[in-house]
Amino acid sequence: MKSFYITTAIDYVNGSPHLGHAYEKVLTDVIARFRRQMGDKVHFLTGVDEHGQKVQASAKKKGIPPQQFCDEVSQEFRALLPKLNITNDDFIRTTEARHKAVVRAVLQQLFDKGEIYKAEYRGFYSTRQEQFLQEKDRLPDGSWPEIFGEVTEIVESNYFFKLKQYQAWLVEFYEKNPDFIFPAFRQKQVVEFLKEPLNDLCISRPRERLEWGIPLPFDEGYVTYVWFDALLNYYSAVADRPEIWREARHVIGKDILVPPHAVYWPIMLHAAGLPLPRGIIAHGWWLQRGAKMSKSTGNALNPLDLVAEFGADAFRYFLIREMNVGQDSDFTREQFLVRYNSELANNLGNLVNRTLNMTTRFAAGTLPAADATVEDDLEKNLRALWAKTRDEIVPLCEGYQFHTALERTMVFLTETNAYIEKRAPWKLGKSAELRDQVLLRTALATMAEALRLAVAALQHVTPAAAEKINAVLGYAPGNDWRGELEWGTRLNGRKVEAALVLFPRPAPPEKAPAPAKS
RNA sequence: GCCAGAGUAGCUCAGUGGUAGAGCAGAGGACUCAUAAGCCUUUGGUCGCCGGUUCAAUCCCGGCCUCUGGCACCA
């Protein structure tokens with residue numbers, strides 16, 4: 001069984017989860033579920049980043065120890081996962097002993113190899129913000145912005161990682177692995193970036209300035225700064241299972257691709273003699289009217305509100321249907337409702353209900369067998385469309401084009417609805433003719449089988465709905481997903497439920513929407 | 001400034017060297033198994049601008065304009 005290890009970025013606990021966090025979890029979960037369906041042995045990791053200046057400051061502000069602060073905020077992020085139906089196998093916190101031990105071991109190893117050295121860092125320091133400033137922080141007239149307060153030039157000793165000496169190696173690596181980063185245009189950006197010379201990387205902070213971090217094993221007067229702490233979580237979680245680590249893929253936001261994940265991380269691993277991940281998937285951002293969604297601009301949507309209102313499946317479906325992985329996308333409640341109503345409620349949900357209803361009404365609730373002797377173009381065309389759809393969606397999903405795969409599945413559902421109109425079982429049901437009765441049974445079997453197949457194609461995106469639909473069809477899918485995608489007779493003789501309203505239409509906009517029960 | 005992405009119907013986007021496509025929204029119709037759902041038909045576009053190549057360009061080339069993002073210690 002092929003191993004597949006996938007990670008999300010770890011979230012910084014100095015704030016509450018928002019849509020961006022939720023999207024990354026959902027996208028990674030969809031990939032993880034898809035790979036499981038394809039037969040891979042998946043290991044799915046997510047977690048939180050808990051060290052650093054901001055956490056230390058926030059804890060101090062609340063008058064509680066940093067660890068307690070982390071415990072509280074981490075719980076918020078952790079609680080998000082089951083609500084989104086995320087199937088992560090592990091959840092790592094950078095304050096855990098297993099992580100700290102690996103970080104210290106890697107740092108010590110690199111130090112022993114001479115990859116880390118101590119040097120003086122000279123720069124402009126803002127006491128108020130407790131950070132070094134960059135030249136680009138200056139105002140056009142050369143002065144420092146008001147928020148930094150008093151700025152003084154100071155000299156500080158720190159430890160540096162020899163990043164620069166691996167630049168040529170990294171350039172060559174990207175030449176040899178043109179598909180390392182998805183989407184491809186992001187890798188081009190990285191290659192462009194690497195045309196400028198790199199500097200060595202400052203990886204420490206003196207304890208007087210930053211207490212809340214992992215102490216350097218070779219100098220306890222310093223803690224390690226973000227890179228060797230946060231990035232290493234991917235490895236520290238599976239450090240004892242190299243067969244998993246070798247198949248790592250990282251899902252991250254485009255904002256942390258360059259330089260952290262595309263430059264620092266490969267070089268860190270290479271310097272430490274560790275295998276590199278298989279690839280990086282850099283997703284885009286959700287925007288609102290073209291502006292990045294963030295807390296500071298006051299337009300952040302609380303994802304849990306939508307999940308509570310419409311259910312995790314509808315939320316997951318929208319995120320995956322609407323976003324072309326790697327691109328940015330707009331998020332509006334209006335657009336959400338368009339997708340929800342037209343695709344989930346009307347196209348899929350209504351098909352479920354009418355199938356159940358007709359089976360109950362015209363076949364006493366037991367799905368009949370199709371009769372091949374009466375099948376004509378209507379059935380053959382639908383089957384042919386399914387074969388085409390199935391052949392398309394598997395490679396689309398393998399290439400992270402989930403939005404297109406969903407679109408193809410919707411086309412198939414639309415054609416299934418159209419098939420029903422053309423066959424009109426409600427007319428056949430009123431006829432006593434033998435041929436009409438055979439056609440009726442064929443129609444019922446065909447629509448149910450089409451529904452089962454579409455649901456199989458959707459199940460990594462809308463797992464709860466898939467389970468529910470299979471249940472009302474009296475069906476329990478097997479473990480061989482590829483086999484489940486074959487048009488067949490699996491539903492023959494199944495006893496179905498009389499009705500199921502999935503994705504109920506929300507109340508008109510004037511009134512408050514009714515709470516959804518998925 | 002440099003690099004990248006994008007400019008196609010009201011909205012979101014596909015697309016190809018040879019009379020412009022889909023979904024949604026809008027309009028009309030027939031039907032009734034169904035979540036007033038589904039189905040059929042339909043209105044709607046000088047494919048950012050200017051040149052060039054070509055028998056022929058939205059798609060190729062050059063130039064220009066506009067929007068978005070990235071440009072190192074910031075998660």
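Order of the sequence lines sets the chain letters (A, B, ...), proteins ahead of strands, with each chain counted from 1.
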Worksheet item: Rounding to a whole Å, what distance do you find between A:Met268:CE and B:A72:P?
Response: 20 Å
Worksheet item: Mind checking the C1' distance from B:G21 to B:U35? Whole angstroms is fine.
Response: 31 Å
Discussion item. From C-beta outward on A:Lys430, which listed nucleotide comes closest to its side chain: B:C73, B:C33, B:A4?
Written reply: B:C33
Discussion item. Counting only heavy atoms not in A:Lys427 (residues, nucleotides, ligands), do more than 12 fall under 6.0 Å from its NZ?
Written reply: no
Discussion item. Going by side-chain hydrogen bond (donor to acceptor under 3.5 Å, both in side chains), name the residues that satisfy it together with A:Gln165, two or more places apart in sequence or in a different chain.
Written reply: A:Glu115
Item to complete: Could you run through RNA chain B and flag its stems, i.e. three or more consecutive Watson-Crick or G-U pairs with both distances under 3.5 Å?
Response: B:1-7 with B:65-71, B:10-13 with B:21-24, B:26-29 with B:39-42, B:48-52 with B:60-64
Item to complete: Mind checking side-chain hydrogen bond (donor to acceptor under 3.5 Å, both in side chains) for A:Asp328 and listing every partner two or more places apart, or none if nothing turns up?
Response: A:Lys254
Worksheet item: With rounding to whole Å, what would you report as the distance between B:A56 and B:U68 at their C1' atoms?
Response: 35 Å
Worksheet item: Nucleotide by nucleotide, 5' to 3', does protein get under 4.0 Å of the base (B), only the sugar-phosphate (S), or neither (-) in nucleotides 34-41 of chain B, counting heavy atoms?
Response: BB-SBS--
Worksheet item: Which sits closer to the 5' end of RNA chain B, A:Arg408 or A:Val338, going by the nucleotide each is nearest to?
Response: A:Arg408
Worksheet item: Is a donor on one side and an acceptor on the other found under 3.5 Å between the side chain of A:Asn417 and the backbone of A:Asn347?
Response: yes
Worksheet item: Do A:Tyr234 and A:His261 have ring centres separated by under 6.0 Å?
Response: yes
Fill in: salt bridge (Lys or Arg N to Asp or Glu O under 4.0 Å) between A:Arg354 and A:Glu421, intermediate numbers included
CA-CA 11 Å; A:Arg354 67 198 304 214; A:Glu421 298 295 327; 2.8 Å; yes
Worksheet item: Starting at CD of A:Gln167 and ending at P of B:A72, how long is that distance when rounded to a whole Å?
Response: 14 Å
Discussion item. Nearest whole Å is fine: how far is B:C74 P from A:Arg205 CZ?
Written reply: 6 Å
Worksheet entry | Distance, P atom - from B:U16 to B:G70, rounded to whole angstrom | 30 Å
Discussion item. Does A:Pro259 reach a base, just sugar-phosphate, or nothing at all? Heavy atoms under 4.0 Å.
Written reply: base
Worksheet item: Expressed in angstrom and rounded to an integer, what is the separation of A:Leu337 atom CG from B:A25 atom P?
Response: 12 Å
Practice prompt. Round to the nearest Å and state the distance from A:Gln327 atom CD to B:U68 atom P.
Written response: 16 Å
Worksheet item: For atom C1', what is the distance between B:A20 and B:G15, given to the nearest Å?
Response: 9 Å
Worksheet item: Do any of residues 190-200 of chain A sit with a heavy atom less than 4.0 Å from RNA chain B, and if so which?
Response: A:Glu192, A:Pro197, A:Leu198, A:Asn199, A:Asp200
Discussion item. Determine whether the aromatic ring centres of residues A:Phe182 and A:Tyr400 are separated by less than 6.0 angstrom.
Written reply: yes
Discussion item. Looking at A:Asp229 and A:Tyr225, would you say the former's side chain and the latter's main chain have a donor-acceptor pair under 3.5 Å?
Written reply: no
Worksheet item: Would one find a side-chain N or O of A:Tyr12 under 4.0 angstrom from OP1 or OP2 of B:C74?
Response: no
Discussion item. Taking the C1' atom in each of B:C11 and B:G45, what is the distance between them to the nearest angstrom?
Written reply: 14 Å
Worksheet entry | B:C47 versus B:C31 - spacing of their P atoms, nearest Å | 42 Å
Worksheet item: What is the distance from CD of A:Gln401 to C1' of B:A14, rounded to the nearest Å?
Response: 13 Å
Fill in: Integer angstrom distance from the P of B:C55 to that of B:A4
33 Å
Worksheet item: Can you name the ring pair (Phe, Tyr, Trp, His ring centres under 6.0 Å) partners of A:Phe193, sequence neighbours left out?
Response: none
Worksheet item: A:Tyr340 pairs by side-chain contact (heavy atoms from CB on, under 4.5 Å) with which of A:Phe318, A:Tyr317, A:Phe503, A:Phe315?
Response: A:Phe503
Discussion item. I'd like to know if the side chain of A:Glu379 and the backbone of A:Asp376 have a donor-acceptor N/O pair within less than 3.5 Å.
Written reply: yes
Worksheet item: What's the NE2-C1' distance between A:His261 and B:C73, to the nearest Å?
Response: 15 Å
Worksheet item: Which value, in whole Å, describes the distance between the P atoms of nucleotides B:G38 and B:U19?
Response: 35 Å
Worksheet entry | Integer-rounded Å distance: B:A75 P and A:Phe228 CZ | 17 Å
Discussion item. For A:Lys388 and A:Glu392: C-alpha separation, side-chain torsions, deciding distance, then whether salt bridge (Lys or Arg N to Asp or Glu O under 4.0 Å) applies.
Written reply: CA-CA 6 Å; A:Lys388 179 168 166 282; A:Glu392 285 174 349; 3.8 Å; yes
Worksheet item: Has the side chain of A:Gln437 got a donor or acceptor atom that lies under 3.5 Å from a matching backbone atom of A:Ser431?
Response: yes
Fill in: Nearest-nucleotide comparison on RNA chain B, the residue closer to the 5′ end among A:Glu322 and A:Tyr225
A:Glu322
